[in-house]
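What follows is a single structure, written as structure tokens, with notes after it.
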Amino acid sequence: MSKITKVLIDENKIKERVRELGAEISRDYQGKDILMIGILRGSVIFFADLIREINCNVVIDFISVSSYGASHKTTGEVRMMKDLDEAVDGKDVVIVEDIVDTGLTLQYLKKVLLSRNPNSLKVCCLLDKPERRKVEISSDYLGFTIPNEFVVGYGFDYAQKYRNLKDICVLDPKG
Ligand code: IMP
């Protein structure tokens, strides 16, 4: 049985930071339409809160890639499970990700989306765990940098559980 050991970032802190990120994105994209792309499934809650803090025209779409713990952890391989419905060509695109860990997922997604000729491509990520990075990659907009601990809640899961918690918590898998 795994156990939650502590709250790392509480609901209020998350709300405040998401509001700031939304304001920053709104300022940078004034007068433009943004194609916001959520990475399923972890970013869904962050995504839903973030887009409501943005006062530009926003179109949303979702993409799904092979998840944490799958083959890419050992082989560096990331696979597309569900592609976008929207075209990317000529659009101002913002990828919304839950966490940058090894960086392999984001590296793969940026490569795929850049090959479709967007007008611009930026990344907004809620959390960053820099200690675990395998490839050099960073976010244009970042919520919080965290230590090398496994987190659940606010969209983050362990074996598909805990996504509905309001706070971001640390999980001890051996608990
Ligand atoms: P990366 O390709 O190693 O950067 O992996 C990113 C993905 O791993 C994220 O989109 C998450 O789904 C998952 N992940 C990484 N760290 C955690 C964590 O602490 N809790 C839950 N999921 C995580």
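Index from 1, following the sequence. Heavy-atom basis, side chains included; hydrogens, waters and symmetry copies ignored. None of these values were measured; they are calculated from a predicted model. Whatever order the structure lists ligands and atoms in, that order sets their numbers, starting from 1.
Contacts between Glu149 and ligand 1 below 4.0 angstrom, taking non-hydrogen atoms only, involve the backbone exclusively. Proximity of Glu97 to ligand 1, defined as any heavy-atom pair under 4.0 Å, is confined to the side chain (atoms from C-beta onward).
Classification of Asp128 and Arg133 as a salt-bridged pair holds, one side-chain N sitting under 4.0 Å from a carboxylate O. Asp172 and Lys3 are not joined by a salt bridge, as no carboxylate oxygen comes within less than 4.0 angstrom of a charged side-chain nitrogen. Looking at Arg17 and Glu20, a side-chain N of the basic residue comes within less than 4.0 Å of a carboxylate O on the acidic one, giving a salt bridge.
Using cut-offs of 30° and 60° for the angle between ring planes, the Tyr158 and Phe150 rings count as perpendicular.
Shown in contact with Thr105 at under 4.0 Å from a heavy atom are these atoms of ligand 1, numbered in order with element: 1 (P), 2 (O), 5 (O), 6 (C).
Using a 4.0 Å cutoff on heavy atoms, Gly103 counts as a contact of ligand 1. Heavy atoms of Lys129 come nearer than 4.0 angstrom to ligand 1 in at least one pair.
Of the possible donor and acceptor atoms, one in the side chain of Thr5 sits under 3.5 Å from a partner among the backbone N and O of Val170.
The distance criterion of under 3.5 Å between nitrogen or oxygen atoms is not met by Asp157 with respect to ligand 1. Residue contacts with ligand 1: Val151 is placed with a nitrogen or oxygen under 3.5 Å of a nitrogen or oxygen of the ligand (distance criterion only).
Across all non-hydrogen atoms, the minimal contact from Phe156 to Asp98 is CZ-O, 3.4 Å.
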